[in-house]
Structures are given as C-alpha cells and as structure tokens.
Amino acid sequence: MKFKTLSVIAAVALAIPTLGAADADDDKLVINGEIEVTTKVEPAAHLDGALSEVMSGWHFRNDDTQAMEMDDFDNPGMLGAEAGMEIWNTAAGTEGKSCADCHGDPAESMKGVKASYPKYDEKAGTLMTVQMKMNECRTERMGAEAWKYDAGSAINVEAMIASQSRGMPVNVAIDGPAAPFWEKGKEIYYTRYGQLELSCASCHELNYGNMIRADHLSQGQINGFPTYRLKNAKLNGVHSRFKGCIRDTRAHTFSPGSDEFIALELYVMSRGMGLGIEGPSVRN
Amino acid sequence: MAEGVKPRVKAPKSAEAGEVVTIKTLISHKMESGLRKDKDGNLIPRSIINRFTCDFNGKNVIDVTMQPSISTNPYFEFEATIPEAGDLKFTWYDDDGSVYEDTKSVKVG
C-alpha cells in the first residue's frame with residue numbers, strides 16, 4: 001500500500017513541473033539583493049489588448065538562468081559592461097577625448113538613458129538608438145571612427161549604459177515626431193516574413209508561453225538588452241536578435257542599424273512600457 | 001602575457017569559526033585551446049590557465065588542473081571551512097608562465 005501511495009505522489013510531483021514548464025513563473029527579480037526590477041506590468045493602452053499581461057523574458061527562463069542575472073558576479077554580461085566602462089574612460093580619436101571627459105560618471109549622466117531610447121533627435125531630425133548616439137559622439141566630437149552596428153565595443157558600452165538604468169521603467173516616447181517611426185515599426189511587427197510566413201506576432205504575441213521545439217517562447221520584450229546569451233556566450237544587441245528571428249523565418253533580413261530595425265526597436269520597446277530595464281540580462 | 005586577464009573573487013568578509021562558506025571565483029581569460037586555426041590556416045597557439053589553487057593560511061583548500069576544453073573566463077564555485085581568521089589566497093597559473101594572485105581576508109566573529 002505504502003508503495004502505491006508513494007508512486008501516486010511521485011506521479012503528481014512529476015506531472016506538475018512538466019505541465020507548467022513553458023509558462024511564465026511568478027519569481028521576483030532582485031539584482032544583487034538591492035535592485036528590484038519590475039517584470040510584470042499591465043499592458044499600455046497603445047497595445048489595444050494584444051497582451052493580457054506584459055512580462056519580461058526573464059520569467060520564461062529556468063531557475064538557474066534566472067539566478068545568473070540576480071547577482072552581478074554570476075552575470076557574465078557584467079564582464080562586457082566592465083569592458084565598456086574601460087572604453088568609457090579611455091581617450092579615443094583625434095581629439096584625444098574620452099566619453100568620461102564630457103559625460104563624467106555614467107552612474108549620473110547615463111541614468112535612465114536606456115529606458116527612454118530609441119528617441120527622436122531634433123538635431124539629427126530622425127529617431128536615434130543608444131548606439132547611434134554613441135557613434136554621433138565618436139565621429140562629431142571625438143574624431144574617432146564610428147563603430148559598426150552591434151560590434152563588440154559598441155555592445156559593451158551599451159551594456160554599461162544600460163546597467164545604469166537597471167530597475168527603471170521603460171518609457172519611450174511614441175507620439176509627436178516619433179509617431180511615424182512607431183507606426184512603421186508596428187507594421188513590421190505584424191508583417192509576415194520569409195518562406196515560413198511568420199510575423200513577430202505569430203510567435204511572441206499569439207504563442208508566448210508555448211514551446212517552440214525545445215525552447216520556451218517569450219513575449220519578445222527587449223527591456224533586457226543587450227543580452228548575454230548562453231547559446232553563443234556573448235552579449236547580443238537587439239538588432240542582431242531581430243535579424244536572427246527574421247532569418248529563422250527563412251527570409252532575407254534587414255541589417256542591424258537599418259531604418260527598419262530602428263523603427264522596430266522603438267515599437268517593440270513600447271510594447272514593454274513599464275517593465276524594468278535589466279540590461280545586461282542573461283537568457284538562453 | 002595573455003591580454004585582458006583579470007581575476008575576480010567573491011568571498012565573505014567575515015564568518016563564524018568553523019562555518020562553511022561559499023566562494024566564487026572567475027578569471028577573465030580567452031582560454032585559447034590550441035586546436036583552432038586562424039584565417040590563413042595557421043594553428044593559434046594554446047594559451048590557457050592550466051592550474052588554479054586556493055589556500056587558507058597556507059593550507060590548501062582546492063587545487064584544480066585545467067585542460068584545453070574549458071571555456072572562456074573559467075568560473076569556480078566551491079565551499080571552504082573557516083576555522084579561524086585569516087587570508088584566502090587564490091592563484092591562477094597561465095600557460096605562458098604568468099601567475100595571477102588575489103587575496104581575501106576573512107574575519108571570525
């Protein structure tokens with residue numbers, strides 16, 4: 001009898017984790033025991049009910065991966081942020097200036113930056129990402145060469161800048177001059193690409209929480225970028241991630257840094273309005 | 001000397017006598033296996049950390065031999081019993097003969 005009871009308990013215990021495996025969990029994200037990060041919020045009005053709840057991709061990862069992000073020592077992405085800090089303090093280009101010469105301590109000057117980008121830039125008359133702003137500084141004020149989009153150094157500095165905003169809610173402007181870019185991004189989000197005819201929404205809006213082959217589909221939120229991915233053991237930029245997704249639909253993709261991806265970045269960022277910035281986050 | 005090598009250690013600053021504490025270490029190192037080839041087909045010479053040790057007040061806690069298949073930025077997490085106050089000394093040995101060291105003091109009480 002006893003054996004039978006035990007096996008019933010074992011069967012129940014086994015069944016519960018497998019049933020709920022692909023769903024988001026209810027864990028709380030606190031980094032270094034002090035930075036509380038909002039990972040679930042009510043969807044913003046402009047989503048028109050497309051999502052019932054907005055959730056960070058952190059919830060879709062397993063406990064081990066989640067734990068890596070909760071401590072800077074365990075987060076391999078912080079090595080990139082550290083390297084970014086070194087670049088920040090090192091003079092480059094013909095002007096002999098470093099980022100720090102103008103912007104000082106990033107903990108002050110870069111706080112909140114990642115949460116509000118991409119942003120419409122009056123002077124440039126276009127929508128600009130953090131990396132574009134970095135390159136503007138490099139070419140116009142430092143006399144240095146622009147970094148290639150999503151190149152190692154650019155991602156490291158972006159990760160360092162993102163880390164200054166950790167825990168702050170995503171708050172991008174989508175009205176006024178940014179509106180046409182947002183509309184364009186939205187159109188791309190809902191356009192089916194490639195031989196598989198998949199749009200971003202096919203997976204990340206209609207099927208988050210389900211399995212895609214052996215992996216969990218998240219909502220594709222980008223509050224955690226740049227992201228350290230275990231699969232390639234390096235920091236990944238959001239445009240490179242977009243490219244990977246579109247490539248997987250068997251389509252010709254846009255390039256990192258293209259107008260299409262800049263617009264898409266604004267739109268996808270706006271879907272995560274209110275989520276805390278996590279960059280550099282850790283994902284599969 | 002390999003470039004960009006930086007040892008990091010996370011250990012508690014104080015412990016109870018006889019307490020078992022968790023120590024985390026990481027050294028940024030490219031850990032070149034010696035099996036890869038560059039663009040021109042030439043073998044890239046092996047350059048790895050081949051040994052890692054931790055001593056507490058001169059007594060060995062852990063001694064690890066590392067092989068070429070260990071990935072970039074080797075990370076070790078292990079436990080140590082702290083019998084009395086003292087210093088944890090960490091040593092990494094590079095293929096090229098460089099030795100990297102770090103020390104953490106642990107108070108008792």
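Residue numbers begin at 1 in each chain, while the letters A, B, ... track the order of the sequences. These numbers were taken from a predicted model, which means no experiment stands behind them.
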Atom CD of A:Glu140 with >12 non-hydrogen neighbours under 6.0 angstrom
yes

What are the residues of residues 148-166 of chain A, in order of number, with any heavy atom under 4.5 angstrom from a heavy atom of chain B?
none

Near B:Lys24 NZ, under 6.0 Å, is it more than 12 heavy atoms from other residues, nucleotides or ligands?
yes

Which atom of A:Asp74 lies closest to which atom of B:Tyr75, heavy atoms considered
OD1-OH, 2.8 Å

Looking at A:Glu95, I want to see if its CD is surrounded by more than 12 non-hydrogen atoms of other residues, nucleotides or ligands under 6.0 Å.
yes

Looking at NZ of B:Lys10 and CG of A:Asp72, how far apart are the two atoms once the value is rounded to the nearest 0.5 Å?
8.0 Å

Decide if atom NZ of A:Lys111 counts as having more than 12 heavy atoms of other residues, nucleotides or ligands within a radius under 6.0 Å.
no

Step through the shown structure and confirm whether more than 12 heavy atoms of other residues, nucleotides or ligands are within 6.0 Å of CZ on A:Arg141.
yes

Whatever's closer than 4.5 Å to a heavy atom in chain B on A:Glu82 counts as side chain

Determine whether more than 12 heavy atoms belonging to other residues, nucleotides or ligands lie under 6.0 Å from atom CD of B:Glu77.
yes

